[in-house]
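Keep in mind that this is a model prediction, so the values were computed, not measured.
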Amino acid sequence: MVSQTRTASSRSASSNNRGTSSTRGTHKASSSHRAKKQNSRRNANPNGPKKKKNRKKGLWWKILLGVIGGLLAIGIGLFAYLYATTEIPQPEKVALAEKTTVYYSDGTTPIGSFSEQNREIIDCSVLPDYVGNAIVASEDRSFYTNGGIDIMGMARALYNNLTTGSRQGGSTITQQYAERYYLGETTSYTGKIREAFLAMKIANSQDKSQVLCNYMNTIYLGRGAYGIQAAAQAYYGKDAKDLTVSEAAMLAGIIPAPSSWDPAVNEAQAKSRFERVIRIMKEDGYITADQASSAKFPEVKAVTTNNDFSGQNGYLLTAIENELVNNKAFDKDELETGGYKIISTLDKNTQQQMESTGNDRPSDMPESIQVGGIALDQKTGAVKGIYGGTDYLKHQLNNATQATFQPGSTMKPFGLLGAAQDNVNFNTLFNGNSPVRFETTTGTYADVPNALGISWGNINLKQATANSVNTVFMNVNEHLTPKRFAQIAHDAGITGDIQEDTLYNILGINSLTVWDLAQGHSTIANGGTYNKLHLVDRVLKSDKEMYKPNLGTKKVFEANDCYLVQNAMLGTTQYGTAAGTSTTLGRPVAGKSGTANDETAASFVGYTPQLMSVWAIWNPGENGENQVVPQFAGYGVSSTGYPAHLFTEFMEQAMQGQEVEQFPTAVDNGKIGGPNGDWGLGGATTTQNNTNNNTQSTPSQSPTTSASPSPTDTANNNSETDTNKDKADTSTDKNESDANTGENNGSSGNNTGNNTGNSGGTTGDTGNTGNTGTNTGNTGQQQ
């Protein structure tokens with residue numbers, strides 16, 4: 001190599017020094033030596049002086065490889081540690097599904113449980129092979145070949161969770177067994193890692209038949225049944241060893257959501273899952289083609305309920321469960337198997353008072369009549385008691401939360417609130433005669449009567465509210481418009497449909513639930529602040545709080561506008577359609593009665609500053625059709641006074657020993673006749689003794705009182721009494737409580753008050769007995 005270098009240097013030197021003399025030999029040698037060094041450098045680093053940079057590049061690769069190697073070593077060590085330290089509990093020591101218990105608001109008195117757990121461990125060797133294979137086909141087709149976990153399934157589930165926000169598990173049968181019965185519903189990624197290690201340990205220490213048997217003995221299959229044996233009894237009334245291919249396939253298909261996919265709940269989904277399992281069983285060779293083609297969706301037994309659901313308990317438990325499921329806090333299976341402690345808002349004493357009031361039916365009350373009720377704290381939205389029916393095991397439609405009825409005139413306060421919002425003084429006079437012609441829908445006119453056709457003369461909004469005068473409120477709705485009225489009711493919290501194209505919507509023609517009606521009125525009763533009604537205060541698991549309700553608290557109305565409405569509703573219980581209620585309870589009570597169109601339902605909404613209660617009755621036919629509520633126990637032609645009676649009976653118990661609280665003072669700064677002077681009779685401030693159309697028949701007689709005076713006298717006395725009152729209110733520019741005015745002579749017992757109270761009964765609601773006694777009125781149209 002040296003000689004070659006030299007030769008190259010000589011050639012280079014020679015070529016570069018052509019024509020030079022030999023006397024430069026020494027110089028040639030020196031040049032040759034320098035060229036040799038340069039060539040040596042060029043051969044060592046032909047691209048120039050970058051040797052230092054290459055050293056750094058090599059160092060980074062070494063560091064990176066070192067880090068990766070270190071991480072792999074740590075990962076392998078951690079894997080080995082976790083695997084070695086993971087222990088498999090014995091199946092008989094596993095804390096299987098725990099019963100969830102619901103408590104009253106005291107947190108110690110139980111109401112009941114959602115599901116009584118029904119378990120029976122069996123020897124799986126007695127089962128036909130297709131029972132276990134149906135579960136394998138449904139839940140984990142690779143069960144017999146995988147090592148306890150499905151890496152691809154877990155990766156796919158992780159990707160979907162990260163990209164869609166879903167909660168997929170990617171779990172094998174072994175993982176499910178580890179998750180639900182060793183670790184307990186693991187949803188965190190840390191929990192999933194522990195679950196995977198446990199599944200691998202189980203797969204390596206137990207044979208597949210043992211794993212599958214343990215899984216089948218512990219899996220929840222709905223209807224309170226844990227394990228295949230209990231499920232076979234719950235769905236088919238037979239032992240698991242006697243299950244057919246079709247029956248086994250149906251049970252296997254609903255495993256992911258047994259309560260929701262129970263054929264009795266969702267037959268279409270159950271059938272779809274059944275067909276899927278049968279198809280896979282044929283594809284994987286577990287059954288023959290003939291068996292698959294002959295498999296038919298099996299019939300199941302009717303769902304039976306446990307004793308925890310008898311009487312009112314069933315209504316309470318299902319309503320609480322539905323609230324949590326509908327709020328997406330839990331699903332039904334989680335609640336039935338999660339071992340939670342649910343603290344409700346229900347007060348034990350209040351609930352018992354609701355039950356005793358609703359169950360105390362008059363002897364001649366038809367069995368077909370349904371009763372629904374609710375009691376709540378309007379300041380918080382906490383429901384203190386509900387009356388859902390006589391017995392959940394006999395009638396499973398909850399009359400407080402699910403059944404609907406026409407609320408009638410209990411909707412009128414939302415129109416009254418609209419008048420307050422439009423700055424209409426409540427002393428504004430309106431034509432209260434009957435009938436009055438209105439354009440009820442665009443291009444359609446009708447003569448709208450008051451109950452029994454009674455004309456009340458010129459009366460103000462407070463009197464019209466107390467006596468539920470239809471013609472006045474139809475006039476109010478003309479100004480508001482039906483769409484505006486519906487919006488006010490919805491803003492208050494009512495979720496049911498309300499027609500927006502007819503003036504009649506203010507008369508309560510659209511069916512609602514007791515719950516929905518109470519939700520709307522609670523906002524007015526709470527001074528315009530909305531709180532979502534709720535039955536659940538909190539949910540605990542091992543003393544850890546798992547859930548608190550979102551009340552959606554918001555201010556939707558001005559407080560003083562609501563106080564004006566409350567003030568007007570005081571007249572209902574003092575001299576109006578529920579006269580005497582306030583006196584009986586010994587405290588101010590705001591209230592409003594209602595009768596459905598064609599007298600098919602009746603209701604009453606009432607409250608003190610501390611407690612609200614709503615009661616309703618209706619008379620469904622065999623096919624659910626609306627039927628007239630017949631007279632019973634002397635409560636008028638259509639028993640419209642019965643809900644007010646229920647309210648009074650309940651509140652007498654519930655308010656016993658409670659402080660007498662006053663309603664907030666309302667200041668009526670509105671303008672007589674409204675801002676533009678076109679409401680009612682405009683700027684008129686005095687009434688006239690209007691006797692037109694005051695020749696209607698006398699209201700029906702109460703079972704305990706004498707016949708009431710004629711409607712003519714009632715209207716005249718009412719008008720005369722309120723003429724002075726209206727003048728006084730106008731001059732002082734304030735709206736005093738009806739309890740302190742001449743309007744309330746019904747409570748003091750003079751003739752004017754009695755007449756007013758008795759005629760109030762004719763608007764379709766029975767007056768309650770006060771100090772002087774009042775008469776029961778008859779039902780008219782739509783109160």
Side-chain angles (χ1 to χ4, degrees), residues 104-105 107 316 319-329 342-347 350-351 354 372-387 398 400-402 407 410-411 413-414 416-418 420-421 486-496 498 512-539 545 547-566 569 589-592 605-615 647 651 654-655 658 661 663-664 666:
Y104 283 107
S105 58
L316 306 182
I320 288 170
E321 184 177 45
N322 289 339
E323 180 175 306
L324 290 170
V325 172
N326 292 339
N327 288 341
K328 303 187 184 305
I342 300 175
I343 313 298
S344 74
T345 61
L346 296 166
D347 177 76
T350 304
Q351 180 59 38
M354 292 287 291
I374 189 172
L376 59 108
D377 179 354
Q378 63 264 30
K379 295 177 182 177
T380 64
V383 176
K384 299 299 183 181
I386 63 174
Y387 185 82
N398 192 321
T401 64
Q402 296 173 320
T410 54
M411 294 295 290
F414 300 106
L416 195 62
L417 178 60
Q421 291 175 333
Q487 187 60 55
I488 292 170
H490 288 316
D491 288 344
I494 289 178
T495 59
I498 300 175
L512 302 174
T513 64
V514 169
W515 181 286
D516 212 11
L517 186 61
Q519 177 70 82
H521 275 277
S522 70
T523 301
I524 296 177
N526 192 33
T529 298
Y530 166 91
N531 283 313
K532 186 176 183 180
L533 299 191
H534 57 285
L535 285 160
V536 179
D537 180 68
R538 61 194 185 278
V539 178
E545 189 173 277
Y547 170 84
K548 283 287 289 185
N550 179 7
L551 303 184
T553 302
K554 58 183 176 180
K555 189 72 173 177
V556 292
F557 305 127
E558 292 295 327
N560 189 66
D561 291 341
C562 293
Y563 298 159
L564 287 168
V565 176
Q566 295 171 17
M569 291 173 66
V589 179
K592 188 70 195 74
V605 176
Y607 48 92
T608 67
Q610 303 105 308
L611 186 68
M612 169 180 283
S613 185
V614 179
W615 290 87
F647 170 83
M651 293 292 280
M655 300 307 298
Q658 296 290 317
E661 293 187 12
F663 283 86

So, for [X] and [Y], which heavy atoms are closest and what is the spacing to 0.1 Å?
X: Thr350; Y: Ala375; value: CG2-CB, 4.1 Å
X: Asp347; Y: Ser105; value: CA-OG, 3.8 Å
X: Val536; Y: Tyr547; value: CG1-CE2, 3.8 Å
X: His521; Y: Pro413; value: CE1-CG, 3.7 Å
X: Ala420; Y: Leu564; value: CB-CD1, 4.2 Å
X: Tyr563; Y: Pro664; value: CE2-CG, 3.5 Å

Got [X] and [Y] here, is their nearest side-chain heavy-atom distance under 4.5 Å?
X: Leu316; Y: Gln351; result: yes
X: Lys384; Y: Met354; result: no
X: Ile342; Y: Leu324; result: yes
X: Leu512; Y: Met411; result: yes
X: Phe414; Y: Val565; result: no
X: Thr513; Y: Thr401; result: no
X: Thr608; Y: Leu611; result: yes

[X] [atom1] to [Y] [atom2] distance, which is reported to the nearest 0.5 Å:
X: His534; Y: Asn327; atom1: NE2; atom2: CG; result: 10.5 Å
X: Ile494; Y: Ile488; atom1: CD1; atom2: CD1; result: 11.0 Å
X: Lys555; Y: Thr523; atom1: NZ; atom2: OG1; result: 10.0 Å
X: Gln421; Y: Cys562; atom1: CD; atom2: SG; result: 8.0 Å
X: Asn398; Y: Trp515; atom1: CG; atom2: CH2; result: 9.0 Å
X: Tyr607; Y: Ile524; atom1: OH; atom2: CD1; result: 6.0 Å

- Would you please name every residue forming a side chain to side chain contact (heavy atoms under 4.5 Å, CB included) with Ser522, sequence neighbours left out?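 So Ser522 forms a side chain to side chain contact (heavy atoms under 4.5 Å, CB included) with Leu376, Gln378, Gln519, Leu533, Met612.
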More than 12 heavy atoms from other groups under 6.0 Å of [atom1] on [X]:
X: Asn550; atom1: CG; answer: no
X: Gln658; atom1: CD; answer: yes
X: Lys554; atom1: NZ; answer: no

- Item | Qualifying residue, where the test is side chain to side chain contact (heavy atoms under 4.5 Å, CB included) with Ile320 and the options are Val383, Val539, Leu535 |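 Only one of Val383, Val539, Leu535 forms a side chain to side chain contact (heavy atoms under 4.5 Å, CB included) with Ile320, namely Leu535.
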- Item | Non-neighbouring partners of Lys532 that pass salt bridge (charged side-chain N to carboxylate O under 4.0 Å, His left out), sequence neighbours left out |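 For Lys532, no residue satisfies salt bridge (charged side-chain N to carboxylate O under 4.0 Å, His left out) once neighbours in sequence are set aside.
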- Message: If the condition is salt bridge (charged side-chain N to carboxylate O under 4.0 Å, His left out), which residues does Glu323 pass it with, not counting sequence neighbours?
- Response: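 Partners of Glu323 under the salt bridge (charged side-chain N to carboxylate O under 4.0 Å, His left out) test: none.
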- Item | Donor-acceptor side-chain pairing of Asp537 and Thr345 below 3.5 angstrom |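 No.
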- Message: With no hydrogens and no angle check, just 3.5 Å: does a side-chain donor-acceptor pair link Thr495 and Asp516?
- Response: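 Yes.
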